[in-house]
Structure formats: structure tokens, C-alpha cells
Amino acid sequence: MGSGAIDEVGSAPEGAERSGAPRPPGGAAAPAGGPSGPLWLRFLKLFSDLVNPVNIAILAGLAVIAVTGVFGGWRAAEEDPEALAVVEEGAPASADPFTITIQEAFWTADAAPLGWQPEDTVSLVVRAHVESSFDAPVPVSQLCQSVVAIMPGVEAASGQASQAEGLDVAGQSQQSGGGVPAGLVPWAAYRVVDGAHERAVQPGIPQDYWLVWQVPADSPQPDALRIVHTRATWRASSLDGGMFWADRTAVSTQEIAVAPTGKVD
């Protein structure tokens with residue numbers, strides 16, 4: 001054995017000592033980049049267990065939803081009249097718990113027989129036959145919310161905002177997950193038979209009502225407009241179990257003619 005030779009037990013590859021290459025414990029060669037590999041590789045390995053077909057599909061679905069929402073896709077679908085059933089003029093419209101048949105509509109600057117007519121306002125008056133399928137009185141606010149008049153750019157007259165639940169302070173129908181487009185609801189309903197200001201729609205008693213919208217006098221007064229009928233569900237609250245009307249959803253659309261003048265009689 002020549003001078004400086006290493007015996008076979010624990011021997012290193014020829015030239016290792018001469019090149020100064022480090023030798024880790026156990027004789028294994030040290031991996032490139034350190035004992036655990038590059039930092040970026042270690043970071044990816046932390047999430048390797050999460051990468052599977054199911055999670056990839058979920059992330060792809062969430063991405064589609066996010067992109068659709070950013071570009072207004074959901075709202076456009078909600079307000080698209082083509083997505084709703086079309087009710088012919090004069091035909092009954094289902095708007096649970098009501099069935100509503102619009103008989104006539106007109107503009108008037110004098111709806112005084114139906115209550116106070118503010119100055120500088122004009123009223124849209126609709127006569128409707130209403131039947132309720134519910135077995136108890138239903139607040140008239142629910143009837144008002146069932147008849148949404150689509151009048152872009154028109155707001156309810158000052159001081160005449162509807163007090164119906166689910167409406168903003170201007171008496172406008174709020175956007176909802178059920179697709180109720182922005183529009184105006186009647187601020188009041190009166191019985192045709194005696195002009196009384198109605199508080200509740202009674203079960204089993206079909207009735208004709210004057211539905212009244214009040215808007216500023218300088219607002220557009222179209223000779224036709226679109227009505228969106230909505231429905232609601234009587235259900236228990238998920239918070240306290242109390243029963244209430246909820247989940248308002250648009251169900252149909254209807255074009256109605258509006259006379260330029262008319263009279264409440």
C-alpha cells in the first residue's frame with residue numbers, strides 16, 4: 001500500500017481528499033442547495049397535499065363566480081326581463097300569496113279622494129283586482145311590494161316614501177338575491193268600494209284596490225310601463241323561529257298601458 005493511501009473501510013472516491021469535497025456523516029453526498037433543497041421547493045412542498053383534482057375544480061368554480069360578479073353578470077341576469085314569465089295585459093298574475101289582475105292605469109294630478117295629494121306631484125293610479133290565498137290577513141305592505149313599477153330615473157315624491165318592509169328610504173324596491181329589479185312600489189292601497197285606506201288584505205275576500213304611486217310633477221309620464229310582479233314566502237326566521245314574510249323574488253313581468261289622464265270614481 002503506497003504512502004498516503006486510505007484502506008477500503010470508509011474510503012472516499014479517488015481524488016475526494018485532494019479536491020477538498022466535504023463528506024457528510026454516514027458518507028452520503030450532500031444534496032445541492034443545502035440539506036432541504038432550494039427555498040422555493042420547500043415552500044411548494046408545504047402545499048403539495050392540497051393539490052388534487054377536487055380542490056382544483058373548486059378553485060376554478062370560485063374564479064368563474066368572482067369574474068362574473070366583477071363584470072355585473074349576476075345583476076344583469078337578475079334584471080333581464082327575458083328571464084321572467086310574461087303576463088299578458090289584463091290577465092291575472094300570480095304573486096304569492098296574491099293573484100293580481102290589473103284592470104286600468106292612468107296619471108292624475110288630483111288623487112285627493114284617495115288621501116292627501118302633495119303639491120307639485122302627480123300620481124300613477126292602478127286599479128287592480130286582488131285575491132289572497134293565505135289563511136290570515138296579510139299586511140298591505142306585502143301587496144305593495146308585489147307590484148313593482150319600472151320607471152328608470154324616477155323617484156318617489158318627497159315625504160311619500162313607502163313604509164313597506166324591504167324598501168329603501170325613497171320607497172324603491174331594493175336589489176335582492178331573488179332578482180327584484182330596482183323600481184317603485186305603491187305608497188298606499190285603497191279599497192275601490194269605499195275609498196278606505198287599506199291596512200291588510202283579508203283572506204277569502206276578493207277585492208278591487210286603487211294602488212297609488214306619487215312622483216314629482218316634472219317626472220316623465222309614459223303611456224306604457226313595465227310591472228314586475230313578485231312573490232314572498234311565509235316562513236320561520238332562522239334567528240328566533242318567528243314567522244314572517246321573506247325571500248321576495250320576481251316571478252313575472254307585464255306591460256300595461258297608462259292613460260295620460262284619469263279620475264278616481
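Scope of the values below: all heavy atoms of this structure, side chains included, with no hydrogens, waters or symmetry mates.
For the pair Pro220/Val154, a side-chain contact is recorded, criterion being any heavy-atom separation below 4.5 Å from C-beta on. Counting only heavy atoms from C-beta outward, the side chains of Val87 and Ser252 approach each other to under 4.5 Å. Counting only heavy atoms from C-beta outward, the side chains of Arg248 and Thr230 approach each other to under 4.5 Å. In this structure, the side chains of Thr99 and Pro92 come closer than 4.5 Å at one or more pairs of heavy atoms. Between Val130 and Ser132, the closest side-chain pair of non-hydrogen atoms is not below 4.5 Å. In this structure, the side chains of Val251 and Arg231 come closer than 4.5 Å at one or more pairs of heavy atoms. You'll find the side chain of Val215 stays beyond 4.5 Å of the side chain of Thr121, heavy atoms only. The shortest side-chain heavy-atom distance between Val192 and Arg127 falls under the 4.5 Å cut-off.
Summarising the geometry of Pro137 relative to Ala200, their closest heavy-atom pair is CB-CB, 4.1 Å, with the distance given to 0.1 Å. Between Asp240 and Gly242, the shortest heavy-atom distance links the atoms OD1-N, 2.9 Å. Considering all non-hydrogen atoms of both residues, Ala109 and Gln117 come closest at O-CG, 3.6 Å. Between Ala189 and Val140, the shortest heavy-atom distance links the atoms CB-CG2, 3.6 Å. Residues Trp107 and Met151 come closest through the heavy atom pair CH2-SD, 4.0 Å.
In this structure, CD1 in Ile100 is found 10.5 Å from OH in Tyr209, a value given to the nearest 0.5 Å. Atom CD of Glu198 and atom SG of Cys144 lie 10.5 Å apart (nearest 0.5 Å). Here CD of Glu255 is found 8.0 Å from CG of Leu225. Values are rounded to the nearest 0.5 Å. Of the inter-residue distances, the one linking His229 atom NE2 with Phe98 atom CZ reads 13.0 Å to the nearest 0.5 angstrom. In this structure, CG in Leu124 is found 10.5 Å from CD in Gln214, a value given to the nearest 0.5 Å. Between the OG1 atom of Thr101 and the NE2 atom of His129 there is a distance of 6.0 Å, given to the nearest 0.5 Å.
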Exercise for review: Run the numbers on Val138 and Trp245 for side-chain contact (heavy atoms from CB on, under 4.5 Å), then give the verdict.
Suggested key: CA-CA 9 Å; Val138 179; Trp245 291 102; 3.9 Å; yes
Exercise for review: Could you give me the CA-CA distance, side-chain angles and deciding distance for Leu211 and Trp187, then say whether side-chain contact (heavy atoms from CB on, under 4.5 Å) is met?
Suggested key: CA-CA 8 Å; Leu211 305 178; Trp187 79 275; over 6 Å; no
Review point. Which is it for Ile227 and Val148 under the side-chain contact (heavy atoms from CB on, under 4.5 Å) test, yes or no, and what are the steps along the way?
Key: CA-CA 6 Å; Ile227 296 292; Val148 182; over 6 Å; no
Exercise for review: Please assess Val126 against Trp210 for the test side-chain contact (heavy atoms from CB on, under 4.5 Å), listing each intermediate value before the final yes or no.
Suggested key: CA-CA 6 Å; Val126 168; Trp210 296 114; over 6 Å; no
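Checked by atom type and distance alone, the side chain of Tyr190 never pairs as donor or acceptor with a backbone atom of Gly195 at under 3.5 Å. Checked by atom type and distance alone, the side chain of Thr249 pairs as donor or acceptor with a backbone atom of Asp247 at under 3.5 Å. Between the side chain of Ser123 and the main chain of Val125, no donor-acceptor pair closer than 3.5 Å is present. The main-chain N or O of Arg235 is never found under 3.5 Å from a side-chain atom of Thr233 such that the two would form a donor-acceptor pair. A donor-acceptor pair under 3.5 Å is absent between the side-chain atoms of Trp234 and the main chain of Met243, judged by distance alone. The backbone N or O of Pro97 sits less than 3.5 Å from a side-chain atom of Ser133, completing a donor-acceptor pair.
Note on Arg191 versus Asp208: no salt bridge recorded, every NZ/NE/NH1/NH2 to OD/OE distance being 4.0 Å or above.
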